[in-house]
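Below, read A as the first sequence line, B as the second, and so on, with proteins coming before strands; counting in each chain starts at 1.
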Amino acid sequence: MSLSLKLNGKIHEIEAEPGTPLLWVIRDELKLTGTKFGCGVASCGACTVHVDGEPTRSCQTYIEDVQDAEITTIEMIEEDKIGSAVQQAWIELDVVQCGYCQSGQIMSAVGLLRENEKPTADEIDDYMYGNACRCAAYQRIRAAVQRASDILEA
Amino acid sequence: MTLDLSRRGFLKSAATVSVMLYVGVTADGAKAASGASDAMLNPFVKIDADGNVIAIIKHVEMGQGTATGLATLIAEELGVTMDQIGFDFAPSNPQVYNNLFFGPFQGTGGSTAMANSWMQYRAAGANARDILIKAAAASWDVDAASLDIQNGQIVGSGRTAPIGEFVAAAGAFSPSDTPPLRDPSEWKIIGNAATRRKDSPGKVNGRAMFAMDLHLPNQMVVMIKRTPQRGGTVASFDASAAQDVKGFIMAQTLPTQHGVAIYAENTWAAMQARSAIEIEWDFSAAEVRSSKEIKDEIMTALDTSPTYNVNKADRDAVAAVVDNAHTVVEKTFYFPLLAHAPMEPLNCTIEQTAEGDIVLHDGAQSPTGPHMAYQQIFGLPAEKIHIKTMLAGGSFGRRTTPDADYQVEAGLAFIMTDRSRPVKLVWDREDDIRGGYYRPAVGHKVRVGLDAQGSIVGWDHRVAGQSIIKGTAFEPMMVRDGVDHSSVEGLADSPYIIPGMAVGLTDTQKATSVLWWRSVGHTHTAYAMEVMMDMAARATGQDPVAFRLSYLSGGGQDQQRKAAVLKLAAEKGNWGKPAAGNMQGVAVHKSFGSYVAEVVEISGNLEDGVKIEKITAAVDCGIAVNPDIIKAQIEGAVGYGIGHVMRDQITLDGGSVEQSNFPDYEPLRISDIKSIDTHIVASAEAPTGIGEPGTPPSAPALANAIAGLQLVVAELPMSENGVTFA
């Protein structure tokens, strides 16, 4: 089927079968590879994008369900004030190791800070629970979310 | 460690009229001439006329920080800042870019990247500095000894100029065969905790290119439907249902018969087509055993006299000493199969050039593996095969197997086509969890005898499990007197001075494909040994830290370094003074040349759940090149070790793996460990490993904390053996 997708502020005309996960349209058709494939069953968070501002697992989001939505990927998140602060904090604290999960971590962290400007460690743990990092960079993820919060407050 | 880095040359590119200075080696060892190409010169350092420096990284960057680490060495010696240096990955060339500890083999493993490169990369940077200074000295007609390079500027004799000005002239100067290394007192970047990772920006803005992110024009995506039981083969298959999948191209049985390759226009089409294809399997020669039978074989072996006497001990005498000891503590341990599960599923892309060369794009740990395999598959000489290293989204040992498993799959899938379209092989998470290879299932039976004063008098230690190395191409090099050292490493060769120790080993039958998994044999040897040390201390009413220190006194540097990290972790971790209601456990272990001690503090109880409140680590890995990366590696290695012992195992049922994805092979989550605090011991020793050594002590330290709740967990994972985690 033909459909148009509003992604990163542009309209993209897409040819895709119903039931195609948004992840594969983003990666294979639009060639935006910052959004990662990790598990395919929404249990690792590597594929997290924003759908109307909400962190969403794109591997379990079907393309026909997001035709009218505004989709944002990691490639555009620096345009967002919170996104930019989160990226700055990630670099300051050298959060990344292999880095493969970090697009998803950052997209989730932005979602958290949008709804909670000053999250506690426990609140961060609750919100970020579904974003797996096999390098176990969690301690820095937690610290960087708090650092981003401080950057935004300043 | 004698690679000659003194060859040099410079290139004037006709296309861009840019001038580059290369410091490297030619394949035949000859002096590089003006006009030599990048590929001919095999550089470790490249500098352009604007003074931009590129460090050529011979190891894969899989998160451990090697790209930053090796760039640090060059920047320090050359005299540029970390902002003035970038990195590229080296091409596959086992003569030039080999791991100096591995012989003519280019590979990343055994936590050796910094250790083997330490002098080599410093020498490369020093050579670049040396010839740039000679060029400047000639130009300015001053003594070279009066000049230095600082922050990318040649300075001295009252003058300053950017290094780029001398890039062209430097090619005419012969560098010294013994390049002048900077004195440690001059170091600005080595040891500087403020140094940031070079790969950070691209990994936070989504632009870093992992192998999975490559899209070559006109590529096909291949996924493979593999036999669920090792040794099964394809009898026949029916792809008719796949014809309805838009983007499906074709399906063919691999020459190895272990699966059917499905070719499609994109990943989603490949996944759907694979689901639609029906395969009739021939399981007549397939593995049919279940985990219980594998475990039974291991347990039986532990009750039988071991095949190999690892440390040539008088085993009967040791057994007699233990039997007659005042106090005997004994325990039998069982460690299950574990998957590596790197975040980026396995993948690679293969293409053929117009000249008939084969190019593989891969995040391989060991480019030499597929490089050799492809010479056989394609019948081409080494120089017609090119392995392009890309970022790897984790590995933990998985991206290097003795038979180059996934790269061979890609090669076979490609050779069955007309080679006009590149082939990208993609594994999904189910392939990863079910497709082997695993940390072997291993058992330990340990009996420790102590005298009336609470001193160890005998330590009878048996290990049984499937060998990682036997039956592979590495066996002739790595198995000695029948002993696969990776099955027993860290026991008899531990720095502890333990009287009357006997270590025996029995290999069990091949049950599945097994592989090195972050810290290899130390994953189980450290657990068995450190849990036994605690049991022995507790049984005789002694403090676990003081007890361990008594077996590290009176020795040499090996013992002193191990004792020092133990003392530091105990001090920083408030050993003996946990928060009210909390329990502590400690473990210390040497692996890959480095010493790590960890104190784990937990709250809660076995019924309502145990919570890991705090982990305090101390590490001595020699000179701390990038202290912040070292801390990150300890944090990650601790999490990797803890996460798996908490709740992970791979089990077989009738030869098939029962787990399939993260819901039943649950990764460590952010809430599992509240904090990790790492302390680095200052050292002037050459750097040793850091990617793996944080893992071995983590699990036994947790077990020893839980032992305070009156449960010694001897079989893993803990969640299946009496421990609930909050």
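- With a 4.5 Å cut-off on non-hydrogen atoms, A:L32 does not touch chain B at all.
- There is no side-chain donor-acceptor pair under 3.5 Å between B:S660 and B:E430.
- In this structure, A:D80 pairs ionically with A:R114, as a charged nitrogen and a carboxylate oxygen lie closer than 4.0 Å.
- Put simply, the side chain of B:W427 reaches to within 4.5 Å of the side chain of B:L425, judged on heavy atoms.
- Donor-acceptor pairing under 3.5 Å is recorded for the side chains of B:S111 and B:E692.
- B:T267 and A:R27 are not linked by any side-chain donor-acceptor pair at a separation below 3.5 angstrom, with hydrogens and angles left out of the test.
- The parts of A:Q87 that come within reach of chain B are both its backbone and its side chain, each placing non-hydrogen atoms under 4.5 angstrom from that chain.
- Between chain A and the residues B:V204, B:V638, B:D213, B:N205, the most heavy-atom pairs under 4.5 angstrom are made by B:D213.
- Per-residue counts of heavy-atom pairs under 4.5 Å with chain B were compared for A:W24, A:Y100, A:F37; the largest is that of A:Y100.
- A:E75 touches chain B through backbone and side chain together, each having a heavy atom under 4.5 Å away.
- Between chain B and the residues A:E29, A:Q102, A:E17, A:K36, the most heavy-atom pairs under 4.5 angstrom are made by A:K36.
- Using a 4.0 Å cut-off between a side-chain N of Lys or Arg and a carboxylate O of Asp or Glu, B:R197 and B:D628 do not qualify as a salt bridge.
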query: Does the pair B:D432 and B:H340 meet the rule for a side-chain contact (heavy atoms from CB on, under 4.5 Å), with working shown?
result: CA-CA 8 Å; B:D432 173 58; B:H340 305 71; 5.8 Å; no

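- No hydrogens or angles considered: nothing links the side chains of B:T349 and B:H361 as a donor-acceptor pair under 3.5 Å.
- Neither the backbone nor the side chain of B:T68 has a heavy atom closer than 4.5 Å to any heavy atom of chain A.
- With hydrogens and angles disregarded, a donor-acceptor distance shorter than 3.5 Å links the side chain of B:E598 to the backbone of B:S698.
- Listed options A:G34, A:S103, A:A132 were ranked by heavy-atom pairs under 4.5 angstrom with chain B; first place goes to A:A132.
- If you measure heavy-atom distances from A:N131 to chain B, the contacts under 4.5 Å come from the backbone alone.
- Only the side chain of A:E15 comes within contact range of chain B, judged by heavy atoms closer than 4.5 Å.
- Neither the backbone nor the side chain of B:L391 comes within contact range of chain A; no heavy atom of the residue lies under 4.5 Å from a heavy atom of that chain.
- In the model, B:T72 has a side-chain atom that pairs as donor or acceptor with a side-chain atom of B:N626 under 3.5 Å.
- By number of non-hydrogen pairs under 4.5 angstrom with chain A, the leading residue of B:G643, B:P201, B:P345 is B:P345.
- Ranking B:M271, B:Q272, B:K674, B:K203 against chain A, the residue ahead of the rest is B:K203, based on heavy-atom pairs under 4.5 Å.
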task: Report the C-alpha distance between B:T616 and B:H679 in whole Å, list the side-chain angles of each, state the deciding distance to 0.1 Å, and finish with yes or no for side-chain contact (heavy atoms from CB on, under 4.5 Å).
output: CA-CA 8 Å; B:T616 308; B:H679 302 270; 4.0 Å; yes

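- With a 4.5 angstrom heavy-atom cutoff, B:N661 touches chain A only via side-chain atoms.
- Only the backbone of B:I673 comes within less than 4.5 Å of a heavy atom in chain A; its side chain stays farther off.
- Looking at B:Q64, neither its backbone nor its side chain comes within 4.5 Å of chain A, counting heavy atoms on both sides.
- Contacts between B:K631 and chain A at a heavy-atom distance below 4.5 Å involve backbone atoms as well as side-chain atoms.
- Classification of B:D362 and B:R399 as a salt-bridged pair fails, no side-chain N sitting under 4.0 Å from a carboxylate O.
- By number of non-hydrogen pairs under 4.5 angstrom with chain B, the leading residue of A:L23, A:V25, A:T33 is A:T33.
- By the 30° and 60° cut-offs, the orientation of the rings of B:W517 relative to B:H644 is perpendicular.
- Both the backbone and the side chain of B:M212 come within contact range of chain A, with heavy atoms under 4.5 Å apart.
- Only the side chain of B:R207 comes within less than 4.5 Å of a heavy atom in chain A; its backbone stays farther off.
- Neither the backbone nor the side chain of A:I77 comes within contact range of chain B; no heavy atom of the residue lies under 4.5 Å from a heavy atom of that chain.
- Of the atoms belonging to B:A632, heavy atoms from both backbone and side chain fall under 4.5 Å from chain A.
- No part of A:Q105 comes within reach of chain B, as not one of its non-hydrogen atoms sits under 4.5 angstrom from that chain.
- In this structure, A:E54 contributes its side chain and A:G111 its backbone to no donor-acceptor pair below 3.5 Å.
- Heavy atoms of B:A208 lying under 4.5 Å from chain A belong exclusively to its backbone.
- Between the side chains of A:S84 and A:E78, no donor N or O sits under 3.5 Å from an acceptor N or O.
- Highest contact tally toward chain A, considering only B:E61, B:M209, B:K246, is held by B:K246 [criterion: heavy-atom pairs under 4.5 Å].
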